[in-house]
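As the structure is a prediction and not an experimental result, all values here were calculated from the model. Along the sequence shown, the residues carry numbers beginning at 1.
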Amino acid sequence: MVTPSARGAVGELRYAVFVNDPPPRTAGTLPNGEPKGGSPVASTLIYGRTDAVLTDPAFTTAQAQALGDWVAGEGRRLTDIFITHGHGDHWFAAGLLAERFGARVVATKGTIGQMPGSIAARPLLWDKAYPGMIPPSPVTAVTVPGNHFTLEGHDLVMVEVGHSDTDDTSVLHVPDLGLVVAGDVIYNGVHLYLGESVSDEGFGPWRDAIDKVAALEPRHIVAGHQNKRFDDDAERTIAETRGYLDDADELLRTENTALGFFNAKIARYPHHLGRTVLWTSASVLYGVREHPGEDVGKIRLAAWS
Ligand SMILES: [Zn+2]
């Protein structure tokens, strides 16, 4: 179900990761007959002797409850909740946890700017797939000066990396731990969401974002979507995310249909989680190709439903 684990420690500063399994979905199947699902969402707790900071607290009421109980069990005062990017699965439950712990919600200006769009998509997308499961999600996040805050004197830096699986994404750099909490810039054993990489630049901006993470020279990377049995090795997760994009570029040249892309990716990544996201990605990428000039937002919404 859920597996907290302390993964890194330097002096008084440590971090631990809690992975929320995807909530059950009410209906729908994939082309291979599997029921539709979601992807696991990872939250990181960075903590010192008395205080802690939490990242990306998932999106359903049940996930917030499980995550909150785990955080409470760590026995630290939660000061801040950091959100990496605007996608609702990373922050719709932030309000519940902020209230429970009296914490502040922080993000970059760019991420905060994306949040109203995610709220607007709730009735069309999120609440349809997960009816009654997502709590009220007002935007309460605030910026911090210089995108920098501290935890017991240790630097926490929000690094803006631009477009990755959506616009205006960021990561949290914790230099004293050699840690980057990477949101959706880096994935770990889970299919990448490629449905917002449909401009002429393709995956170029995402590759640039990965380069910005690599330039921080982290030892550990917590991916926002990860197989909880995997470690946080930075070199491996960076290489695998780059490789997945390279593969996608190749398959977009060699496969003529969304179904061909979907099947080829599964053949290459048989153990990756999140096949619903894979099918959505394929549907958007080929939908845009097959219907030039059509509204991309509509194609994306159809692909998610
Ligand atoms: Zn995500």
S.K.: Using 0.5 Å steps for rounding, measure from the OG1 atom of Thr166 to the CD atom of Glu196.
M.R.: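 With rounding to 0.5 Å, OG1 (Thr166) is 3.5 Å from CD (Glu196).
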S.K.: Between OG1 of Thr241 and CG of Asn188, what distance do you get to the nearest 0.5 Å?
M.R.: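 It comes to 7.5 Å.
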S.K.: Any side-chain heavy atom of His154 within less than 4.5 Å of one from Val174?
M.R.: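 They are not in side-chain contact.
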S.K.: Quick check: closest heavy atoms across Leu45 and Ala52, and the distance to 0.1 Å?
M.R.: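 Where Leu45 meets Ala52 most closely, the heavy atoms are CD1-CB, 3.9 Å.
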S.K.: Could you walk me through whether Ile112 and Thr143 satisfy the side chain to side chain contact (heavy atoms under 4.5 Å, CB included) test, starting with their C-alpha distance in whole Å, then the side-chain angles of each, then the deciding distance to 0.1 Å, before giving a yes or no?
M.R.: CA-CA 8 Å; Ile112 294 170; Thr143 57; 3.8 Å; yes
S.K.: Yes or no on salt bridge (Lys or Arg N to Asp or Glu O under 4.0 Å) for Arg104 and Asp80, after CA distance, side-chain angles and deciding distance?
M.R.: CA-CA 5 Å; Arg104 176 177 67 159; Asp80 293 285; 2.6 Å; yes
S.K.: Give a yes or no on whether the backbone of Glu74 and the side-chain of Arg76 come within a donor-acceptor separation of less than 3.5 Å.
M.R.: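 Pair found, side chain donor or acceptor close to backbone of Glu74.
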S.K.: Does a side-chain heavy-atom distance below 4.5 Å link Ile210 with Val185?
M.R.: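 Side chain of Ile210 against side chain of Val185, heavy atoms only: contact under 4.5 Å found.
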S.K.: Treating His220 as the side-chain partner and Asp232 as the backbone partner, does any N or O pair qualify as donor plus acceptor under 3.5 Å?
M.R.: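 Side chain of His220 to backbone of Asp232: no pair is present.
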S.K.: If you count every heavy atom of other residues, nucleotides or ligands that lies below 6.0 Å from Lys36 atom NZ, does the total exceed 12?
M.R.: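 More than 12 heavy atoms, drawn from other residues, nucleotides or ligands, come within 6.0 Å of this atom.
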S.K.: Side chains of Leu54 and Ser43: closer than 4.5 Å at any heavy-atom pair?
M.R.: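 Heavy-atom side-chain distance check passes, below 4.5 Å.
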S.K.: A side-chain contact here means heavy atoms from C-beta on lying under 4.5 Å apart; do Val159 and Lys212 qualify?
M.R.: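 The answer is no, as the side chains (C-beta and beyond) never meet within the 4.5 Å cut-off.
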S.K.: Check the orientation of Phe82 and Phe149. Use parallel for under 30°, tilted for 30 to 60°, and perpendicular for over 60°.
M.R.: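 Because their plane-to-plane angle lies in the 30° to 60° range, the rings of Phe82 and Phe149 count as tilted.
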S.K.: Under 3.5 Å, is there a donor-acceptor pair between the side chain of Ser199 and the main chain of Glu201?
M.R.: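 Judged by distance alone, yes, a pair lies under 3.5 Å.
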S.K.: Under 4.5 Å between any side-chain heavy atoms of Val105 and Trp91, yes or no?
M.R.: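 Heavy-atom side-chain distance check fails, nothing below 4.5 Å.
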S.K.: Quick check: are there more than 12 heavy atoms from other residues, nucleotides or ligands sitting under 6.0 Å from CD of Glu290?
M.R.: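 Yes - once you tally the heavy atoms of other residues, nucleotides and ligands closer than 6.0 Å, there are more than 12.
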S.K.: Using only atom types and a distance under 3.5 Å, with no angle test, would you say the side chain of Glu294 pairs donor to acceptor with the backbone of Ile299?
M.R.: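 Absent.
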S.K.: Backbone N or O of Ala42 within a donor-acceptor pair of the Gln226 side chain at under 3.5 Å?
M.R.: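 Judged by distance alone, no pair lies under 3.5 Å.
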S.K.: Hey, is the main chain of Gly38 close enough, under 3.5 Å, to the side chain of Thr276 for a donor-acceptor pair?
M.R.: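 No, because the side chain of Thr276 does not come within donor-acceptor range (under 3.5 Å) of the backbone of Gly38.
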S.K.: Would you give the length of the straight line joining atom CG of Leu172 to atom OG1 of Thr84, rounded to the nearest 0.5 angstrom?
M.R.: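 Taking CG in Leu172 and OG1 in Thr84, the distance rounds to 9.5 Å.
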S.K.: Where do Lys109 and Asp168 land on the salt bridge (Lys or Arg N to Asp or Glu O under 4.0 Å) test, with the steps shown first?
M.R.: CA-CA 9 Å; Lys109 189 165 177 271; Asp168 296 320; over 6 Å; no
S.K.: Using a 4.5 Å cut-off on heavy atoms from C-beta on, say whether the side chain of Arg275 contacts that of Trp279.
M.R.: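 Side chain of Trp279 against side chain of Arg275, heavy atoms only: no contact under 4.5 Å found.
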S.K.: Take a 6.0 Å sphere around CD of Glu250 and say whether it holds more than 12 heavy atoms from other residues, nucleotides or ligands.
M.R.: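 Counting neighbours around CD of Glu250, more than 12 heavy atoms of other residues, nucleotides or ligands fall under 6.0 Å, so yes.
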S.K.: For the ring pair Trp206 and Tyr193, is the centre-to-centre distance below 6.0 Å?
M.R.: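 Aromatic pair excluded; centres sit 6.0 Å or further apart.
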S.K.: Using only atom types and a distance under 3.5 Å, with no angle test, would you say the side chain of Arg300 pairs donor to acceptor with the backbone of Gly195?
M.R.: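 Checking the backbone N and O of Gly195 against the side chain of Arg300, a donor-acceptor pair under 3.5 Å is found.
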S.K.: Determine the minimum heavy-atom distance between Gln63 and Pro23, stating which atoms define it.
M.R.: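 Distance-wise, the nearest heavy atoms are NE2-CD, 3.5 Å.
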S.K.: I'd like to know if Asp233 pairs up with Arg219 as an ion pair, taking the criterion as any Lys NZ or Arg NE/NH1/NH2 lying under 4.0 Å from an Asp or Glu carboxylate oxygen.
M.R.: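 Answer for the salt bridge query: no.
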S.K.: Identify the two heavy atoms, one from Ser39 and one from Val277, that lie closest to each other, and give their separation to 0.1 Å.
M.R.: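 Minimum heavy-atom contact is OG-CG2, 3.6 Å.
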S.K.: Side chain to side chain contact (heavy atoms under 4.5 Å, CB included), that's the test. Do His87 and Asp165 meet it? Break it down for me.
M.R.: CA-CA 9 Å; His87 280 157; Asp165 82 342; 3.4 Å; yes
S.K.: Trp126 vs Phe92 aromatic rings, parallel, tilted or perpendicular, using cut-offs 30° and 60°?
M.R.: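 Perpendicular.
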S.K.: Of all the heavy-atom pairs spanning Asp184 and Ser164, show the shortest one and how long it is.
M.R.: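 Heavy-atom minimum between the residues: O-OG, 3.9 Å.
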S.K.: So, Asp127 and Arg122, do they make that salt bridge, N to O below 4.0 Å?
M.R.: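 Looking at Asp127 and Arg122, the cut-off is met.
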S.K.: I'd like to check Leu96 versus Gln65 (side-chain heavy atoms, cut-off strictly below 4.5 Å). Are they in contact?
M.R.: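 No, too far: nothing below the 4.5 Å cut-off.
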S.K.: Among side-chain atoms of Thr280 and Ser283, is any donor-acceptor pair under 3.5 angstrom?
M.R.: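 No - no donor-acceptor pair under 3.5 Å links their side chains.
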S.K.: Might you point out which heavy atoms bring Arg289 and Leu252 nearest each other, and give the distance in Å?
M.R.: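 In terms of heavy atoms, the two residues are closest at NH2-O, 2.6 Å.
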S.K.: How far apart are the closest heavy atoms of Leu194 and Ala248, and which atoms are they?
M.R.: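 So the minimum-distance heavy-atom pair works out to CD1-CB, 3.9 Å.
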S.K.: Taking the side chain as every heavy atom from C-beta outward, state whether Tyr286 and Asn256 have any pair of such atoms under 4.5 Å apart.
M.R.: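 Sidechains of Asn256 and Tyr286: no contact.
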S.K.: What's the separation between atom NE2 in His272 and atom CG in Leu192, rounded to the nearest 0.5 Å?
M.R.: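 Atom-to-atom, His272:NE2 and Leu192:CG are 7.0 Å apart.
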S.K.: Looking at CG of Leu177 and CG of Leu13, how far apart are the two atoms once the value is rounded to the nearest 0.5 Å?
M.R.: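 Separation between the atoms: 4.0 Å.
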S.K.: What about Tyr187 and Val41, same hydrophobic cluster or not, with Ile/Leu/Val/Met/Phe/Trp/Tyr joined at side-chain heavy-atom distances under 4.5 Å?
M.R.: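 No.
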S.K.: Is any side-chain N of the basic residue among Asp231 and Arg236 closer than 4.0 Å to the acidic one's carboxylate O?
M.R.: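 Judged by the 4.0 Å cut-off on N to carboxylate O distance, Asp231 and Arg236 do form a salt bridge.
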S.K.: Tell me, with the steps shown, if Val296 and Val198 meet side chain to side chain contact (heavy atoms under 4.5 Å, CB included).
M.R.: CA-CA 9 Å; Val296 178; Val198 291; 3.9 Å; yes
S.K.: For the side chain of Ser305 and the backbone of Leu301, is there at least one donor-acceptor N/O pair under 3.5 Å apart?
M.R.: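 Between the backbone of Leu301 and the side chain of Ser305 there is a qualifying donor-acceptor contact (under 3.5 Å).
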S.K.: Can you tell me if His90 and Asp56 form a side-chain donor-acceptor pair at under 3.5 Å?
M.R.: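 Yes, because at least one side-chain N or O of His90 sits under 3.5 Å from a partner of the opposite role on Asp56.
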S.K.: Strictly by modelled atom types, are Thr29 and Glu34 linked by a side-chain donor-acceptor pair under 3.5 Å?
M.R.: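 Judged by distance alone, the side chains do not pair up.
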S.K.: Main chain of Met158, side chain of Ser170: is a donor-acceptor contact present, judged purely on distance under 3.5 Å?
M.R.: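 No; zero donor-acceptor contacts below 3.5 Å.
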S.K.: Under 3.5 Å, side chain of Thr111 to main-chain N/O of Thr108, donor-acceptor pair present?
M.R.: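 No, Thr111 side chain to Thr108 backbone: no donor-acceptor pair under 3.5 Å.
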S.K.: Going by an N to O cut-off under 4.0 Å, is there a salt bridge joining Asp211 and Arg242?
M.R.: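 Yes, Asp211 and Arg242 are salt-bridged.
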S.K.: Roughly how far apart are Ser281 OG and Phe261 CZ, rounded to 0.5 Å?
M.R.: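 Rounded to the nearest 0.5 Å, the OG-CZ separation comes to 7.0 Å.
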S.K.: So Arg207 and Asp246, salt bridge (Lys or Arg N to Asp or Glu O under 4.0 Å) or not? Walk me through it.
M.R.: CA-CA 10 Å; Arg207 290 192 174 97; Asp246 293 346; 2.9 Å; yes
S.K.: Starting from the C-alpha separation in whole Å, work towards a yes-or-no answer on ring-ring contact (aromatic ring centres under 6.0 Å, His included) for Tyr244 and Tyr269.
M.R.: CA-CA 9 Å; Tyr244 191 99; Tyr269 297 87; 4.9 Å; yes
